[in-house]
Amino acid sequence: MGNFRATQTVPHPGWQLADCPHEKLGSQGRGFPGHAMTARRLVIIGLCLALVIAAAAVIFDQLARQGSTSAQSPASSSPTSDASTGTATGDAEATASGSPTPGATAGTTPEGSDGATSTAKPLEVLPPVTSTPTGLPAPSSPAPLITGGLPAAGSARGEVVDGWPGDILTLPQGTTVGSTSISVSGDILQLTADGIVNKSQADVLADFRQSLTGHGFWSEDASAPEGSVAQRFVRGADTVTVSVSLTGTGSSRFQLLGSLRTAAD
């Protein structure tokens with residue numbers, strides 16, 4: 001023991017002492033492993049997102065192309081159907097008219113190298129009408145009720161004027177005549193009369209109707225002032241209009257205007 005001599009180890013100039021047992025020597029030992037792992041994960045996630053976006057773009061592109069193809073299909077088929085319809089219509093019209101029109105029997109004429117056909121239809125010219133349209137014959141006018149010599153024009157008050165056609169137009173029984181008149185215009189005999197009778201308005205019109213319908217007249221309602229009634233009696237060109245109003249005593253006042261055709265012997 002006496003010979004023991006303490007010795008001191010002198011470090012080599014190139015050596016570097018570590019401050020901590022867990023610290024690695026050299027410049028490579030001072031990095032952080034956790035940071036490297038996080039960067040790798042971010043790269044992988046980015047690649048996955050890029051793949052998903054690319055796949056979605058491809059799918060949407062395919063869907064857009066399919067929609068465009070479906071929209072063009074009906075439009076491309078419509079000209080063919082229109083052409084078929086036009087051809088069928090032209091053939092049907094040509095058959096109905098009885099005479100074929102130019103180009104109707106020959107069908108459609110090919111045009112161009114793509115096989116397209118012409119659907120234009122030539123104008124049809126109808127033949128002129130040479131025959132008179134047939135139908136029911138026009139009704140003939142009835143014969144005049146008054147024949148022979150025409151009466152002279154005249155008027156009377158309180159009585160029936162001379163030449164009045166009493167066998168055709170009879171005044172109601174019990175009439176108090178106000179005035180009567182006749183006149184001639186060409187072959188027309190014009191008549192006027194007014195009077196008062198103790199009857200209702202309906203009975204007065206019924207008396208005139210009975211007198212005239214026996215000669216072929218028919219009646220229809222005519223316009224009249226308020227409180228009055230009127231009827232028109234017609235036979236061809238012959239007309240008689242009678243208007244009836246009430247008096248203050250309850251009697252009926254009538255006014256008559258007529259025109260009858262005449263014929264000379």
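We count residues from 1, following the sequence as given. Here the structure is a predicted model, which means the values were calculated and not measured.
Residues L205 and F233 approach most closely at O-CZ, 4.2 Å, considering heavy atoms. Summarising the geometry of A224 relative to V229, their closest heavy-atom pair is CB-C, 4.0 Å, with the distance given to 0.1 Å. Closest non-hydrogen pair, V184 versus P151, comes out as CG2-O, 3.6 Å. Summarising the geometry of W164 relative to T192, their closest heavy-atom pair is CZ3-O, 3.4 Å, with the distance given to 0.1 Å. Taking all atoms of both residues into account, the shortest heavy-atom contact from A230 to S243 is CB-CA, 4.0 Å.
A side-chain donor-acceptor contact under 3.5 Å links S211 to the backbone of T170. Q255 contributes no side-chain N or O that, together with a main-chain N or O of S245, makes up a donor-acceptor pair within less than 3.5 Å.
Transitive grouping of hydrophobic side chains (ILVMFWY, heavy atoms separated by less than 4.5 Å) keeps W218 and V240 in distinct clusters. Grouping the Ile, Leu, Val, Met, Phe, Trp and Tyr side chains by contacts below 4.5 angstrom, directly or via other members, places V242 with V160. Under a hydrophobic clustering in which Ile, Leu, Val, Met, Phe, Trp and Tyr are joined whenever their side-chain heavy atoms come within less than 4.5 Å, directly or via other members, L256 and V234 fall into different clusters. I168 and L257 end up in different hydrophobic clusters when Ile, Leu, Val, Met, Phe, Trp and Tyr side chains are linked at under 4.5 Å.
Atom CG of D162 sits in a sparse spot, with 12 or fewer heavy atoms from other residues, nucleotides or ligands closer than 6.0 Å. Enclosure of atom CG in D187 by more than 12 non-hydrogen atoms of other residues, nucleotides or ligands within 6.0 angstrom is indicated. The local environment of CZ in R209 is crowded, with over 12 non-hydrogen atoms from other residues, nucleotides or ligands closer than 6.0 Å. A 6.0 Å sphere centred on CD of Q173 holds no more than 12 heavy atoms belonging to other residues, nucleotides or ligands. For Q190, the CD atom is densely surrounded, since the number of other residues' heavy atoms within 6.0 Å is greater than 12.
For the pair R261 and I188, the minimum side-chain heavy-atom distance is below 4.5 Å. Taking the side chain as every heavy atom from C-beta outward, V177 and E159 never approach each other to under 4.5 Å. A 4.5 Å side-chain heavy-atom check between L169 and F208 finds at least one atom pair inside the cut-off. Here the side chains of L191 and P165 are in contact, with some heavy-atom distance below 4.5 Å. Taking the side chain as every heavy atom from C-beta outward, T239 and S259 approach each other to under 4.5 Å. Contact annotation: the side chain of D238 never approaches that of P142 to less than 4.5 Å [non-hydrogen atoms, C-beta and beyond]. Using a 4.5 Å heavy-atom cutoff, the side chains of D207 and K199 are in contact. Side-chain atoms of S252 and L246, non-hydrogen and from C-beta on, do get closer than 4.5 Å to each other.
Atom OG1 in T176 sits 10.0 Å away from atom CZ in R253 (nearest 0.5 Å). One finds the OG atom of S141 at 9.5 Å from the CZ atom of R235 (value rounded to the nearest 0.5 Å). In this structure, CG on D194 lies 7.0 Å from CZ on F254, to the nearest 0.5 angstrom. A distance of 11.0 Å separates CG of D203 from CD of Q210, quoted to the nearest 0.5 Å.
By the side-chain contact (heavy atoms from CB on, under 4.5 Å) test, S155 pairs with S181, sequence neighbours left out.
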